[in-house]
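Comments concern the structure below.
Position 1 is the first residue of the sequence; numbering continues from there. Atoms within a ligand are numbered from 1 in the order they appear, just like the ligands themselves.
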Amino acid sequence: MSKSVFIVDTPNQCAGCLFCENEYTGEGMNREYVTLYCRLNGYEIKNIESKTDWCLLRSFHEKKRKQGGRK
Ligand code: SF4
């Protein structure tokens with residue numbers, strides 16, 4: 001199967017990230033906030049003011065440095 005890359009600005013925290021989503025129960029006036037989760041893997045986000053350890057987004061520069069690539 002072929003692979004694809006989706007390019008976005010790398011967030012410093014979950015707050016404001018394209019993939020950060022609120023979860024609610026109920027509808028209309030009975031709608032209640034439940035939690036926050038990441039739309040990439042469905043994991044719950046405990047603190048939106050930081051980036052999780054399990055975040056799937058990787059900066060190109062970060063990957064290049066880890067592989068010892070050119071700067
Ligand atoms: S874990 Fe990463 S991809 Fe998911 S909401 Fe947080 S910053 Fe965005």
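Contact annotation for I45 and ligand 1: only side-chain heavy atoms (C-beta onward) come within less than 4.0 Å of the ligand.
Under the 4.5 Å side-chain criterion, counting only non-hydrogen atoms from C-beta, L18 is in contact with F6.
Below 4.0 Å from some heavy atom of L40 lie the following atoms of ligand 1, by number and element: 3 (S). Remark: ligand 1 atoms within the under-4.0 Å shell around heavy atoms of L57 are 3 (S). Of all the atoms in ligand 1, the ones that sit under 4.0 Å from a non-hydrogen atom of W54 are 1 (S). Near C20, meaning under 4.0 Å from one of its heavy atoms, ligand 1 places the atoms 5 (S).
R58 and C55 get closest at one heavy-atom pair: NH1-O, 2.7 Å. Nearest heavy-atom pair, N12 versus K51, reported as atom, atom and distance to 0.1 Å: O-CB, 3.7 Å. Taking all atoms of both residues into account, the shortest heavy-atom contact from C20 to I45 is SG-CD1, 3.9 Å. Residues Y24 and V34 approach most closely at C-CG2, 4.0 Å, considering heavy atoms. Contact between I48 and Q13 at its shortest, heavy atoms only, is O-CB, 3.6 Å. When all heavy atoms of L57 and P11 are compared, the closest pair comes out as CD1-CD, 3.5 Å.
Of all protein heavy atoms, the one closest to atom 1 (S) of ligand 1 is T52 OG1, 3.3 Å. Shortest contact from atom 4 (Fe) of ligand 1 to any protein heavy atom: C38 SG, 2.4 Å. The single protein non-hydrogen atom nearest to atom 2 (Fe) of ligand 1 is C55 SG, 2.3 Å, given as residue, atom name and distance.
Considering CE of M29 and CZ of R31, their distance stands at 12.5 Å, rounded to 0.5 Å.
Not one N, O or S atom of C14 sits under 2.8 Å from atom 4 (Fe) of ligand 1. Here C17 fails the criterion, with no N, O or S atom under 2.8 Å of atom 6 (Fe) of ligand 1.
By the 4.0 Å heavy-atom criterion, Y43 is excluded from the residues contacting ligand 1.
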